[in-house]
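Before any comments, here is the structure.
Positions are given from 1 along the sequence. Bear in mind that the values here come from a model prediction, so they are computed numbers and not experimental data. Scope of the values below: all heavy atoms of this structure, side chains included, with no hydrogens, waters or symmetry mates.
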Amino acid sequence: MNTLRSLFILIPLLSVTAVLADHPTLSLEDGSPGPITTISAVTLSEGALSVAQVNQFIFFDGLSDAELLAYADRPDHVHSTDRVISSSLNAAYGMSDDFTLGFSLPFLWRTNLREAVEERVGVKGVHTTPVPTPKHGGISHEGGGHGDAPTRPVVENVGDSDGLGDATMYGQYRFLHDEEADLHVSAITGMKMPTGDTDVRANEGYLLAAHHQPGSGSWDPMLGLALTHGMGRWSFDASALYIFANDGVRDSNLGDVFNYNAAVSYRLLGAHEEGVAHQEGVAHEHPTTLDLILEANGDFREEVVENGLIDTNTGGNLVFLSGGTRLAWGHSWAATFSVGAPVLEDLNGIQSEPVMRLLFGVSKAF
């Protein structure tokens with residue numbers, strides 16, 4: 001089996017700590033047509049090793065200053081952001097033909113975080129600091145040292161949040177393989193580990209909210225299923241993955257995540273080579289191939305709880321429709337590119353809405 005397909009196996013597990021819509025997703029490459037963000041059920045061959053570098057950009061329609069000021073008196077805090085970027089290094093190893101063990105380590109950026117805060121009138125450069133409100137899980141601003149001085153809402157440039165994200169270890173077991181029908185079904189289990197940064201501060205020096213940190217501080221197990229059915233130059237894939245969020249940094253819980261996907265792929269250029277097996281330590285020359293891929297990628301997230309209080313401006317349901325390509329060439333190299341737009345948005349409260357998602361990566365099998 002050509003092992004290129006599994007080079008992207010960990011992508012959907014990279015950002016369970018990130019904001020809604022930031023969920024680079026996993027896929028596999030075995031020389032057959034296959035998905036980019038949907039999880040393929042095909043596993044690595046025994047002894048095969050693969051590495052990949054994958055990047056994702058989520059662009060948002062940020063809230064205007066006027067909108068932020070209009071929401072300034074809400075007891076639950078409202079933020080705006082321009083984009084979320086994830087860059088990850090992935091590795092996977094075939095323990096057997098039916099079991100793959102993988103690891104992923106992401107680096108995350110959130111750019112141009114903005115919010116409305118209360119500034120003390122007549123006290124230049126002094127504003128209140130964020131604390132949870134007693135009624136909701138949003139953030140209010142409580143000052144100190146200026147008595148009963150009047151306040152006015154102003155829009156603050158909070159800054160960027162960037163740092164190491166939470167690493168993920170996973171295993172994928174293919175428990176059904178009908179070679180004649182080219183049908184594969186796999187179970188996926190894994191754990192997101194609290195390796196990410198949780199001490200990123202705003203421009204004004206205070207700690208950012210837990211759900212704006214690159215890391216979560218929590219151990220989050222996950223379970224999922226994937227199905228792949230090949231039909232010559234065509235491949236049909238579907239997957240579902242559930243992440244169980246546990247309590248993390250500063251008594252926060254970022255909420256469970258349910259990721260659901262479906263994809264159809266077509267081999268446009270190059271034939272599907274049967275019986276091309278991976279041999280440990282040998283790089284094989286493969287004919288150049290080009291696949292066209294159409295995917296629907298859904299993501300449902302619960303609301304964030306911080307300091308025991310619900311943030312009503314987090315969570316919801318989002319579905320992206322994405323089109324992409326995969327180019328494979330030479331000694332087990334592959335490159336992918338995908339662009340998507342939301343076709344269903346049901347976000348809780350007031351949030352910056354995503355408008356476009358770009359994903360690209362380069363991979364190598366050994």
Minimum-distance pair of heavy atoms, taken over all atoms of [X] and [Y]:
X	Y	value
Pro342	Pro354	CG-O, 3.2 Å
Leu63	Gln351	CD2-O, 4.3 Å
Leu225	Ala187	CD2-CA, 4.1 Å

Between [X] and [Y], a side-chain donor and acceptor under 3.5 Å:
X	Y	value
Asp166	Ser216	yes
Gln53	Ser87	yes
Ser96	Asp98	no
Asn261	Asn259	yes
Asp237	Thr38	no

*Side-chain donor or acceptor of Asp220 paired with backbone N/O of Asn246 under 3.5 Å*: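 Present.
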
Going hydrophobic residue to hydrophobic residue with side-chain gaps under 4.5 angstrom, can you get from [X] over to [Y]?
X	Y	result
Ile39	Met222	yes
Ile350	Leu68	yes
Val158	Val200	yes
Tyr242	Val319	yes
Phe99	Val185	yes

*asked:* With rounding to the nearest 0.5 angstrom, report the CG to CG distance, Leu344 to Leu321.
replied: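 Leu344 atom CG to Leu321 atom CG measures 11.5 Å (nearest 0.5 Å).
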
*So how far is it from Leu269 CG to Leu327 CG, rounded to the nearest 0.5 Å?*
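Going from CG on Leu269 over to CG on Leu327, the span is 9.0 Å.
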
*asked:* Within the 4.5 Å heavy-atom criterion, are Phe337 and Ile36 side-chain neighbours or not?
replied: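 With C-beta onward as the side chain, the pair stays apart.
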
